[in-house]
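This report refers to the structure that appears directly beneath it.
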2 protein chains.
Amino acid sequence: MSLRDATSASPATLTTTLAGRLRDAILRGDLEPGSKLVLDRIRVGYGVSLSPLREALCRLESEGLVEAEDQRGYRVSPVSADNLTEVIRLRVELEGMAVREAILHGDAAWEGRVVSALHQLSRCVHGARSAEEQEVWEARHRAFHAELISACRMPLLQQFCETLHDQSDRYRRIFLKDHAPDRDVPAEHAAIAGAMIERRADDAAKLLREHVERTGRNIQAALRGAA
Amino acid sequence: MSLRDATSASPATLTTTLAGRLRDAILRGDLEPGSKLVLDRIRVGYGVSLSPLREALCRLESEGLVEAEDQRGYRVSPVSADNLTEVIRLRVELEGMAVREAILHGDAAWEGRVVSALHQLSRCVHGARSAEEQEVWEARHRAFHAELISACRMPLLQQFCETLHDQSDRYRRIFLKDHAPDRDVPAEHAAIAGAMIERRADDAAKLLREHVERTGRNIQAALRGAA
DNA sequence: CCGGATGAAAATATCGATTATTTATAGATC
DNA sequence: GATCTATAAATAATCGATATTTTCATCCGG
């Protein structure tokens, strides 16, 4: 059971809705890494009470997007080159494993979902003009990567991958905010999807690894530039 | 930053204390897997209010020990053969990676901590007579395994490993409750520690893998017997 | 002029009560 | 006799207020 899925599956309790809004704000970079989250300010800002706010932050903490310290409140998780390196490293390793399992267990229905997700992703532009278009691309991009490993039959692994993917998305959106993509990302996605559907496990893992690591290197470069 | 460490590091907020007590109860098997956690009953049982209780459960949720569903409350995470298989599989993979990194980065101080943890573990008996002795062994056993990978310089990986280790401990304590250990576990621990300190990465990974998988198979057998 | 103690202000942690939702039960209808 | 519906009890979610802790500026002493 994914934490994010709960947003749509259940009747949406206030806590769940709020967690989603805050997560988006952090992933989008609206809330600066390392900045203190003053509960009372957020409370009035979002028009809720403290209880659901605390619970929402607690969920975000388990996703590694905020950090809490007893008696000292919450802050947005800081960013660092070391942390990014670890995130990329773990993504490569874990998504690699998940991809191989998905290839092993995926059926025709799964293939269809992958093709569909790829198609929907290809229908929106990456370097989008409006912020809204960007959000659509982000959502479909995330959905595509999730679909690739959806057949792996390892729910825990899927959750780890989702968490790591969110982390790396945050870095990309903060540090590659106005960089034009330097490579043919849609082609990379198509190549990965193709390899998976054709059951070429080694190729798929290799392509995904390169895809993730290339993005990682670009972010590292921008991060060094910012510091 | 580990979730468990916060227990000792900070002035111990009510939430943190409560989370620890509940975690122990679940790991110990006192709270049956799949059973519903009626908030109001726990509230009076532990003599706290709802807010800290909710927050404590939220932390346990991120460790995979309890599950929450909107508007339907919390329940202790159920157990299943499939879930155990995944936990063991991921432990082997992730702890294997962590062990190799620790061997790469560990210094003399780390070696000392490993030796010390092994020694302390060896000073208590596994098939302990009293429940209290058993708790001591559990704590030192967990500390030993944590120390092995403490030098890996990958905090996220460490946290994943800790979570998985807790999960697998729960299975072991529930299903191997009164099984006498069928093998020389202390010798296995000593062998792993030795290989790590002598920087034999492949040996260490292999020994740890066999250690984890053996336990896994024993639990699987007991689990099948219970069903 | 600097360092540590002190007190006021801000922020967090906790509580008790209220509101909304779900689940179980009993009754009515087909 | 089975299924659907309405009601009531149980339970979770939310709120507003209070108690506790931390932080920061200030003052005093060295």
Side-chain angles (χ1 to χ4, degrees), chain A residues 1 3-23 25-26 31-62 65-78, chain B residues 1 3-23 25-26 31-62 65-78:
Chain A
M1 166 220 63
L3 287 167
R4 187 190 306 280
D5 293 342
T7 314
S8 56
S10 289
T13 170
L14 229 187
T15 296
T16 306
T17 313
L18 185 59
R21 291 217 282 164
L22 287 170
R23 173 169 36 231
I26 295 175
L31 268 40
E32 205 174 335
S35 65
K36 192 155 170 40
L37 291 166
V38 183
L39 297 188
D40 209 53
R41 199 164 315 164
I42 305 176
R43 190 184 66 73
V44 299
Y46 286 85
V48 296
S49 182
L50 252 53
S51 317
L53 175 57
R54 289 194 134 269
E55 197 155 337
L57 287 171
C58 187
R59 293 197 197 171
L60 263 38
E61 185 184 9
S62 72
L65 296 176
V66 309
E67 293 182 352
E69 204 172 340
D70 276 354
Q71 318 281 23
R72 300 246 211 123
Y74 291 87
R75 59 178 60 250
V76 181
S77 294
Chain B
M1 168 219 65
L3 287 167
R4 188 190 306 278
D5 292 345
T7 313
S8 56
S10 289
T13 168
L14 230 187
T15 297
T16 306
T17 313
L18 185 59
R21 290 218 281 165
L22 287 170
R23 173 172 32 236
I26 295 175
L31 267 41
E32 205 174 336
S35 65
K36 193 155 169 36
L37 291 166
V38 183
L39 297 188
D40 209 53
R41 200 162 317 163
I42 304 177
R43 189 185 67 73
V44 299
Y46 285 85
V48 297
S49 182
L50 251 56
S51 318
L53 174 56
R54 288 193 137 271
E55 197 155 337
L57 287 171
C58 188
R59 294 199 197 168
L60 264 37
E61 184 183 10
S62 73
L65 295 177
V66 308
E67 293 182 352
E69 204 173 340
D70 276 355
Q71 318 282 22
R72 299 243 212 124
Y74 291 87
R75 61 177 58 250
V76 181
S77 294

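So you know, we letter chains A, B, ... as the sequences are listed, proteins then strands, and number each from 1.
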Using whole Å, report how far CG of Asp40(B) lies from P of dG16(C). 12 Å

Rounded to whole angstroms, how far apart are CG on Leu57(A) and C1' on dA11(C)? 14 Å

Name the closest nucleotide to the Leu14(A) side chain, picking from dT12(C), dT14(D), dT14(C). dT14(D)

Sub-3.5 Å donor-acceptor pair from the side chain of Ser62(A) to the main-chain atoms of Ser62(B), do we have one? no

Does dA11(C) have its OP1 or OP2 closer than 4.0 Å to a side-chain nitrogen or oxygen of Arg41(A)? yes

When the nearest nucleotide of DNA chain D is assigned to Leu50(A) and to Leu50(B) on a heavy-atom basis, which residue is associated with the more 5' position? Leu50(B)

Can you tell me the distance, in whole Å, between the CD1 atom of Ile42(A) and the P atom of dT12(C)? 8 Å

Listed partners of Arg43(A) passing side chain to side chain contact (heavy atoms under 4.5 Å, CB included), at least two apart: Asp40(A), Leu50(A), Leu53(A)

Side-chain N or O of Thr13(B) versus OP1/OP2 of dT14(C): is the shortest distance under 4.0 Å? yes

Separation of dG16(D) atom C1' from Leu53(A) atom CG, nearest Å, is 15 Å

Figure out the CG/P separation between Leu18(B) and dC15(C), and round it to whole Å. 10 Å

Closest listed nucleotide, where the reference is the side chain of Ser51(A) and the choices are dC15(D), dA11(C), dC15(C): dC15(D)

Which nucleotide in the set dC15(D), dA12(D), dA11(C) lies at the smallest distance from any side-chain heavy atom of Lys36(B)? dA12(D)

Closest non-hydrogen atoms of Asp70(B) and Arg59(A), given as atom of the first, atom of the second and distance, are OD1-NH2, 3.7 Å

Glu55(A) CD - dT12(C) P separation (whole Å): 17 Å

Would you indicate which nucleotide in dA11(C), dT22(C), dT11(D) comes nearest to any side-chain atom of Arg72(B)? dT22(C)

Between dT14(D) and Thr15(A), is there an OP1 or OP2 to side-chain N/O distance shorter than 4.0 Å? yes

Could you please spell out the steps behind the side chain to side chain contact (heavy atoms under 4.5 Å, CB included) verdict for Glu32(B) and Val76(B)? CA-CA 7 Å; Glu32(B) 205 174 336; Val76(B) 181; over 6 Å; no

Ignoring the backbone of Leu39(A), work out which of dT12(C), dT11(D), dT22(C) is nearest its side chain. dT12(C)

In whole angstrom, give the distance that lies between atom CZ of Arg43(A) and atom P of dT14(D). 15 Å

How many Å lie between CG on Asp70(A) and C1' on dA11(C), as a whole number? 15 Å

For the pair Arg75(A) (side chain) and Gly34(A) (backbone), establish whether a donor and an acceptor sit closer than 3.5 Å, ignoring hydrogens and angles. yes

